[in-house]
Amino acid sequence: MSVGGLHAGDQNVPQPRAGGYGPSASYDYGVPPSVSAALTPGAPLPGVPVRPDEHVSRETPGGDEDDPPLAMEALRAVQILNPSGEIIMPRPDHPRVICVANQKGGVGKTTTTVNLAVALALHGNRVLVVDLDPQGNASTGLNVPHHAGVPDVYDCLIDNVPLAEVAQAVEGIPNLFCVPATIDLAGAEIELVSVVARESRLARAIAGHPEKFDYVFIDCPPSLGLLTVNALCAAQEVLIPIQCEYYALEGLNQLINNINLVRQHLNPTLDVSTILLTMYDRRTRLADAVEQDVRNHFGTKVLNAVIPRNVRVSEAPSYGQSVMTYDPGSRGATSYFEAALEIAVRGVNTGGTA
């Protein structure tokens with residue numbers, strides 16, 4: 001099948017152990033024994049490989065099937081919140097700067113940025129989120145002030161203010177910092193046109209930060225303008241969230257073409273390292289067809305973890321939280337935790353790029 005101009009390529013597609021790529025599949029993430037041991041001081045974590053004879057549902061990964069549902073949910077919540085600080089996700093040997101981009105709106109860019117950042121920070125990684133969207137939704141999701149007058153990423157891009165002066169610590173999440181975006185950023189696209197080296201302003205700001213982070217996530221606006229180009233020039237990796245619907249794939253070829261242009265002319269180290277399928281509705285054949293087509297085209301770049309439609313994910317920002325802290329036992333939190341773990345493990349296995 002072909003969806004949105006994507007066709008099956010010759011890349012190796014990650015194979016499920018049982019149940020195909022539908023909701024009942026279980027996957028082998030390739031976690032080394034040393035990493036697996038470090039991640040499991042007690043009960044097994046969601047996303048950690050299981051024995052071939054075991055069956056893990058995408059809906060309720062991990063846990064003992066004999067346990068009551070509330071007990072399993074409580075166990076997942078403790079594993080995700082990690083109150084003891086004992087569980088450490090693998091840390092990369094050098095900072096990973098990841099641009100979360102897709103010119104289509106509503107595919108989960110901001111939600112993905114916020115929840116992956118929180119999941120990694122809760123498990124021992126130092127993380128910086130750069131909100132590059134004038135709507136400031138990532139700042140809202142992390143409960144970081146971003147009203148008019150607050151120093152923000154606009155000051156860094158236009159006035160060369162050091163990134164360290166505008167970054168704010170995220171309350172309640174250790175090791176997590178956010179550079180907010182205010183409405184001022186809406187005018188940056190026009191103001192950057194006449195600025196020297198306009199495409200590399202963000203890259204210089206991140207490079208000049210005195211602290212070293214394990215991960216820098218850049219949340220891009222839903223466009224292919226100068227702000228997104230700045231993000232692509234500053235990043236080493238691109239993470240593309242793809243909604244499991246037809247429209248989400250229509251403009252994907254154009255996004256890939258733009259990324260290739262940036263790689264050829266501005267940032268030769270840029271790589272589309274990660275594809276994350278979001279808003280997966282297991283009740284529809286369309287979602288499964290889109291997943292199959294994306295996996296056939298992008299192969300191992302597609303994360304095995306898939307984000308389902310989950311109302312808790314949508315509710316969390318209204319409380320100024322990520323779903324990881326709002327409802328850590330929910331399917332949405334568990335799925336984003338699995339995705340964060342897979343990104344971390346892939347980075348270690350491949351030397352920093354997934």
Side-chain angles (χ1 to χ4, degrees), residues 77 80-82 89 96-102 105-123 125-146 150 152-153 166-182 185 213-222 227 231 235 237-243 274 276-279 303 305-344:
I80 288 173
L81 290 175
N82 192 25
M89 285 189 185
R96 295 177 64 183
V97 183
I98 302 175
C99 166
V100 183
N102 192 327
V107 299
K109 290 187 298 297
T110 299
T111 301
T112 295
T113 300
V114 168
N115 287 298
L116 291 180
V118 171
L120 289 164
L122 286 174
H123 292 82
N125 286 267
R126 287 183 59 80
V127 184
L128 174 68
V129 173
V130 178
D131 190 352
L132 209 60
D133 188 344
Q135 298 177 86
N137 290 337
S139 306
T140 300
L142 294 173
N143 199 27
V144 171
H146 60 102
V150 172
D152 72 327
V153 69
V166 300
Q168 303 181 36
V170 177
E171 184 180 359
I173 309 293
N175 304 317
L176 180 58
F177 300 84
C178 176
V179 177
T182 68
L185 192 59
F213 294 94
D214 296 307
Y215 293 88
V216 177
F217 286 97
I218 307 172
D219 183 34
C220 294
L227 290 176
E237 307 175 42
V238 182
L239 187 159
I240 304 177
I242 299 178
Q243 184 181 4
T274 310
L276 176 63
L277 293 164
T278 63
M279 304 182 193
L303 293 183
V306 173
I307 311 303
R309 286 194 178 274
N310 182 247
V311 69
R312 294 303 195 189
V313 174
S314 303
E315 288 176 354
S318 65
Y319 293 88
Q321 297 184 53
S322 68
V323 73
M324 315 301 293
T325 54
Y326 174 67
D327 190 353
S330 65
R331 290 189 297 125
T334 302
S335 299
Y336 270 116
F337 174 81
E338 288 181 345
L341 175 61
E342 192 175 353
I343 288 171

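A side-chain donor-acceptor contact under 3.5 Å links D152 to the backbone of T182. When atom types are taken as modelled, the side chain of N82 and the backbone of H123 share no donor-acceptor pair closer than 3.5 angstrom. Judged by distance alone, the side chain of D133 and the main-chain N or O of Q135 form a donor-acceptor pair under 3.5 Å. At least one donor-acceptor pair under 3.5 Å links the side chain of T278 to the backbone N or O of V107. D214 places a side-chain N or O within 3.5 Å of a backbone atom of R126 that can act as its donor or acceptor partner.
A 4.5 Å side-chain heavy-atom check between C178 and S139 finds at least one atom pair inside the cut-off. Contact check for V150 versus Q168: side-chain heavy atoms found under the 4.5 Å cut-off. You'll find the side chain of L239 reaches within 4.5 Å of the side chain of V100, heavy atoms only. Looking only at side-chain heavy atoms (C-beta outward), F337 and M89 come within less than 4.5 Å of each other. Looking at N125 and N175, their side chains never come closer than 4.5 Å, going by heavy atoms from C-beta outward. Counting only heavy atoms from C-beta outward, the side chains of L122 and I173 approach each other to under 4.5 Å.
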Could you walk me through whether D327 and Y319 pass the side-chain contact (heavy atoms from CB on, under 4.5 Å) test, one step at a time?
-> CA-CA 11 Å; D327 190 353; Y319 293 88; over 6 Å; no

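Taken from CD1 in I343 to OG1 in T274, the straight-line distance is 5.0 Å, to the nearest 0.5 Å. Interatomic distance, F213 CZ to L176 CG, rounded to the nearest 0.5 Å: 9.0 Å. Once rounded to the nearest 0.5 Å, the distance linking CD1 of I307 with CD of E338 reads 8.0 Å. Considering OG of S322 and CZ of R312, their distance stands at 13.5 Å, rounded to 0.5 Å. Put simply, OH on Y215 and CG on L128 are 14.0 Å apart, with the number rounded to the nearest 0.5 Å. Taken from CZ in R309 to CZ in R331, the straight-line distance is 11.5 Å, to the nearest 0.5 Å.
Listed here is the closest heavy atom pair of P328 and I80: O-CD1, 3.0 Å. Residues A138 and D131 share a closest heavy-atom pair of N-OD2, 3.5 Å. When all heavy atoms of V170 and L142 are compared, the closest pair comes out as CG1-O, 3.5 Å. Of all the heavy atoms in Q243 and M279, the pair that sits closest is NE2-SD, 3.4 Å. Residues N143 and G320 approach most closely at CB-O, 3.3 Å, considering heavy atoms. In terms of heavy-atom proximity, A77 sits nearest to G329 at CB-N, 3.9 Å.
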Considering only distance and modelled atom types, tabulate donor-acceptor pairs under 3.5 Å from the side chains of residues 113-120, sequence neighbours left out.
residue: T113; atom: OG1; partner: K109; partner atom: O; Å: 2.9
residue: N115; atom: OD1; partner: V323; partner atom: N; Å: 2.9
residue: N115; atom: ND2; partner: T111; partner atom: O; Å: 2.8

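By the side chain to side chain contact (heavy atoms under 4.5 Å, CB included) test, P317 is found to be paired with no residue, residues two or more places apart in sequence or in another chain being considered.
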